[in-house]
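Working notes, beginning with the structure itself.
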Amino acid sequence: MNEWKRSHYCGVLRSEQAGRQVVLMGWVQRRRDHGGLIFVDLRDRSGLVQVVFSPDLHKEAFDKAGSVRNEYVLAVSGMVRVRPAGTANPNLATGQVEVLAQELRILNRAKTPPFYIENGVDVDENVRLRYRYLDLRRPEMQEALILRHRVAKSVRDFLDENGFLEIETPMLSRSTPEGARDYLVPSRVNPGKFYALPQSPQLYKQILMVSGLDKYFQIVRCFRDEDLRADRQPEFTQIDIEMSFVDVDDILSLMEEMVARMCRETIGLDVPRPFPRLSYQEAMDRFGSDKPDTRFGLELKDISDIAAGCGFKVFSSVVDGGGQVKGINASGCGSFSRKEIDDLIAFAAIYKAKGLAYFIVTEDGVKSTLAKFFNEQELGAIISRLAGKPGDLLLFVADKPQVVADSLGALRLHLGERLGLIPENTYNFLWVVDFPLLDYDQAEGRYVAMHHPFTSPREADIPLLESEPGKARAKAYDIVLNGVEVGGGSIRIHRRDIQEKMFAAIGIGASEAMEKFGFMLEAFEFGTPPHGGIAFGLDRLIMLLAKKNTIRDVIAFPKTQSATDLMNLAPGNVSPAQLKELNIKLNIKSNPPGAKTNRAT
RNA sequence: GGAGCUGUGGUGUAGUGGCCUAACAUGCCUGCCUGUCACGCAGGAGAUCGCGAGUUCGACUCUCGUCAGCUCCGCCA
């Protein structure tokens, strides 16, 4: 590098800098060689600027520029000048100017990259992930990471100004029952024992409240060894927050302020406050989801009362059996072909719906193979409940409430997207509150905590813990943005007697509770303040703000759906010596070690 | 654990039983070109069609299996 120092980023140059001597460093975006004149677009994180090499003025630099190729790393010393009349490029931020190169240094050469370094590339994700360092050179990827930084900074500033302390908690923790599968780390010093990577710093942050730290936050990595999705990675980042001496409203209003400020500071978006609040029940009833996307209508309508007495056995028997019948109005879809409707039925079947009854509304009433099972009055009532107009397609599911909600909720989203009902540039934040405290786990034959076992029931519902646990509601809340759960939290139990009732309700006995959470229960006996908190999924938040479809696009080094890293091929094998040191013996049935470590070709 | 989609020169695609000695675009290489900015023009190299079996006289094409990526169900308090 010698004595050269970069003077400017490429993307900042404007006509104000005309006449200035500059030193730029960056990558070759493109070279346009006209024989007697060479243009090089030089790129760095700030953007592009055109560099001109002229043989008449600086022969040596011109000759060197001839050997330059895409992605070479250059240092250019030259003079900024306004481009000759008629040659400005209005599509480029720096398009009014160019840099006349006086001296060129090729700092490094580069192999031809496997894909273009530009926005909107349509390349197999295999290739992008294997060459992630090249993928991350693309401006849209850099913008996402920059946005991520700015969101984190905004949140950190806000919390700091509001008296929160950023406190680190251990990554090497211990496995606890309930919740997701843990990532385990063997302890060399303690043979046969394992640390668990935290699913979240939940227990630590509550202990910090016991310690009197009052207001805590952390932007922290969390780990869950579960199957991946577009919005789920094995390691992800939470904005984790906990405060003492607060109740639900204190937390919700402060968080609204934080979120609103963050949106304003990062993407210039004004979100109206207060955010709407929906009870869990209302969300399920109207949208079939506990994370409703309220950017469009297509709400679910209950026709169980009409269906109960009708002649269509499938409907009436479901209602008799305690189920429900609900429908949505796919407005204007009355012209769907048999195949299109079959596809909708198949779609609903993914969510366990055994069928999909449908009515086509016409000028002369209902067209349906099922119409004969209903009398005029019933048909009229159904149409009016779903606000059916001629040309509409009414779709119904009759089943247990869970299946009805899952299938119609999913169908609603599917149709909303397909029919183009979802507006761009709309950000609908809302709270879902009053979650059930417990959820019955069929497989295990017991109740499990819907949120986590330290979630406080609503005061009025405490007696229900022993009588009808399924009916108890929690002081828990989720924050939802455009149908994506971007955060959730609760007021915690701070009294030992209620905590014990909670453990009892979810079938954790006194001895198990002591073994797994003994330290916590003991801590709670030393003067625990009422407290509560929330955690935001930073990756999901950024994904939505950056308008991406997957959190992989806002994480620098994400993993594939099979939890591997295609760049460094993690997870990898370890040496027998390493295993021996950890007292671990492998017991692998089929795949020999290393079977899956070959590069995708 | 399950369902679906995808896999063809570096990249993106076309080809769906013989017409394929695999096409197109772009990228790459060489030459020419002094105002381009997706520069242009001319020429050239580059693929045993993810992998393995099977069916067939014949497989990029059909079947089965397998691997990889993606989407989803289960799972994820």
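Out of B/G12, B/C70, B/U36, the shortest distance to the side chain of A/Arg32 is found at B/U36. In this structure, of B/C72, B/C29, B/C37, it is B/C29 that holds the atom nearest to the side chain of A/Arg69. For A/Thr560, the listed nucleotide lying nearest its side chain is B/C70; candidates were B/C70, B/C76, B/C73. Checking B/U36, B/G69, B/C76 against every side-chain atom of A/Glu98, the shortest atom distance belongs to B/U36.
Using a 30° and 60° split on the angle between ring planes, A/His414 and A/Phe347 fall in the parallel class, below 30°.
For B/G74, its base sits under 3.5 Å from the side chain of A/Asp227 at one donor and acceptor pair at least.
Straight-line distance between the C1' atoms of B/C67 and B/C51: roughly 7 Å, to the nearest whole Å. To the nearest whole angstrom, the two C1' atoms, one in B/G46 and one in B/A25, are 15 Å apart.
Checking A/Leu228 against A/Gly179, the closest nucleotide of RNA chain B that is more toward the 5' end is the one next to A/Leu228.
In this structure, A/Arg181 atom CZ and B/C75 atom P are separated by 11 Å, rounded to whole Å.
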Could you walk me through whether A/His494 and A/Phe524 pass the ring-ring contact (aromatic ring centres under 6.0 Å, His included) check? CA-CA 7 Å; A/His494 67 281; A/Phe524 274 21; 8.3 Å; no
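Contact record, A/Lys291 with A/Ser289: N-OG, 2.9 Å, taken as the closest heavy-atom pair.
With its ring centre under 5.5 Å from that of the base six-membered ring and a plane angle below 30°, A/Phe39 counts as stacked on B/U36.
In terms of phosphate contacts, A/Arg30 brings a side-chain nitrogen or oxygen within less than 4.0 Å of OP1 or OP2 of B/C39.
Ion pairing of A/Asp342 with A/Lys339 is absent here, as no side-chain N (NZ or NE/NH1/NH2) approaches a carboxylate O to less than 4.0 Å.
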